2 protein chains.
Amino acid sequence: MAARAARRSYEELARHLSGIGAVRREMARGLPQDCPPASAAALTLLHKYGEMRIGRLSELMAVDMSVTSRHVSHIEERGWVERHPDPQDGRSRLLRLTERGRRQLDTLVQVTTETLETFLHDWTDEDIARLNGMLERLRQSFGDSRASRLAHEDTP
Amino acid sequence: MAARAARRSYEELARHLSGIGAVRREMARGLPQDCPPASAAALTLLHKYGEMRIGRLSELMAVDMSVTSRHVSHIEERGWVERHPDPQDGRSRLLRLTERGRRQLDTLVQVTTETLETFLHDWTDEDIARLNGMLERLRQSFGDSRASRLAHEDTP
DNA sequence: TATTGTTATACTCTATAACTATA
DNA sequence: TATAGTTATAGAGTATAACAATA
């Protein structure tokens, strides 16, 4: 019986995860025209975690390196990041936020905050903190398993 | 001070919403080859809410009707839904799940459940129920505001 | 005239595979 | 040989605009 109840919760969760797309699209609408969601995510992560290589950024975004490479090209073309030589490894370069990138990030923080203030006006700080906690855990549950899956791809 | 703390939570939430993409992609990996996430979502909604028109399905998926039209074509080509005349309105047709569609849905429920069991093995039923509750509320907060925004698009 | 749906077009995001350069 | 990154290609999802048919 407990198993059947859990199974129903899983179906509901799958539906909600699918529905989150609407939330993400709404967030995307507020972004500057030349800064799509993936660019915004890359800038945010470079700010939060500091200078890093493409491979590291790929892990943080949980996408293939080829995808990250394109995103980085986009934000580099706009002068938001620079690629510097990696003294540790000649194959890599280190991504570093520029001053312009930091200003762009200020804009991003502002518009995302405004959007969330609008839509979540009746949420308390505690509500939001709780949601953040659950999403953080969800990400970890998937991220950790995903990492071990990728690591053991040769020996399934 | 409370405002500043809330602002920081908003930034965190924006980051998490972006990160949910990884979860959705992982869910998508388990789906049958010819049933992409949008098709699965459409079938799920048709099962949950029953026979409906394209416009209603568009609202539930929170995407433009042109998008839904394509998704419905995809699942109709595979025999998972049928379009029946709408006695109420000659411009519309009613979408109805077929027997094959119901069998496809059984498969979908099975694979999504298996995926979630794998990744969320250390979550209790209560954890999942709490997450479902917060996601439901999040969807509503965005959905309701979005609906009123669309309704008042002429008078901004 | 207004609404329901469809189609054409374009853009974003993503993965796979083939390739280059360095370790 | 193996790894870091790039590029080419293809597929999914989406929105806008132009269109057809019906209300």
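So that the names make sense, note that chain A is the first sequence line, chain B the second, and so on, each numbered from 1. None of the values given here were measured: they were computed from a predicted structure.
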Once you round it to whole Å, what is the distance between P of D:dA21 and CD1 of B:I54?
-> 17 Å

Starting from C1' on D:dT14, measure out to CZ on B:R70 and report it in whole angstrom.
-> 10 Å

So, does B:R78 use its side chain to make a donor-acceptor pair with the main chain of B:S73 at under 3.5 Å?
-> no

Kindly indicate whether a cation-pi arrangement holds for B:R137 with A:W123, taking the cut-offs as under 6.0 Å to the six-membered ring centre and within 45° of the axis.
-> yes

Rounded distance in Å - CG (B:D64) to P (C:dG5) | 12 Å

Does B:R93 put a side-chain nitrogen or oxygen below 4.0 Å from OP1 or OP2 of C:dT6?
-> yes

Nearest to the side chain of B:R91, which nucleotide is it out of C:dA2, D:dT14, C:dG5?
-> C:dA2

Rounded distance in Å - CZ (B:R53) to P (D:dA23) | 11 Å

Along DNA chain D (nearest heavy atom to each residue), the more 5'-positioned of B:S66 and B:H74 | B:H74

For B:E26 and C:dA15, give me the distance from atom CD to atom P, rounded to whole Å.
-> 10 Å

Whole angstrom is fine here: how far is it from CE in B:M61 over to P in D:dA12?
-> 15 Å

Upstream residue (5' side of DNA chain C) when A:M65 and A:Q33 are each assigned their closest nucleotide = A:Q33

Would you mind classifying the nucleic acid contact of B:R24 as base, sugar-phosphate or nothing, using non-hydrogen atoms under 4.0 angstrom?
-> nothing

Using atom CZ of A:R25 as one end and atom P of C:dC13 as the other, report the distance to the nearest whole Å.
-> 14 Å

What nucleotide among C:dA15, C:dC13, D:dG13 has an atom nearest to a side-chain atom of A:V63?
-> C:dA15

State whether the number of non-hydrogen atoms from other residues, nucleotides or ligands found under 6.0 Å of A:R70 atom CZ is greater than 12.
-> no

Nearest whole angstrom, please: distance from the C1' of D:dA21 to the CZ of B:R83.
-> 15 Å

Between A:S92 and D:dA4, is there a side-chain N or O to OP1/OP2 distance below 4.0 Å?
-> no

Where each residue is assigned the nucleotide of DNA chain D containing its nearest heavy atom, which of A:G21 and A:D89 is assigned the position nearer the 5′ end?
-> A:D89

Quick one: is the NZ or CZ of A:R102 closer than 6.0 Å to the six-membered ring centre of A:W80, and within 45° of its axis?
-> no

Where do B:E82 and B:H84 land on the side chain to side chain donor-acceptor pair (under 3.5 Å) test, with the steps shown first?
-> CA-CA 6 Å; B:E82 286 169 351; B:H84 296 274; 3.1 Å; yes

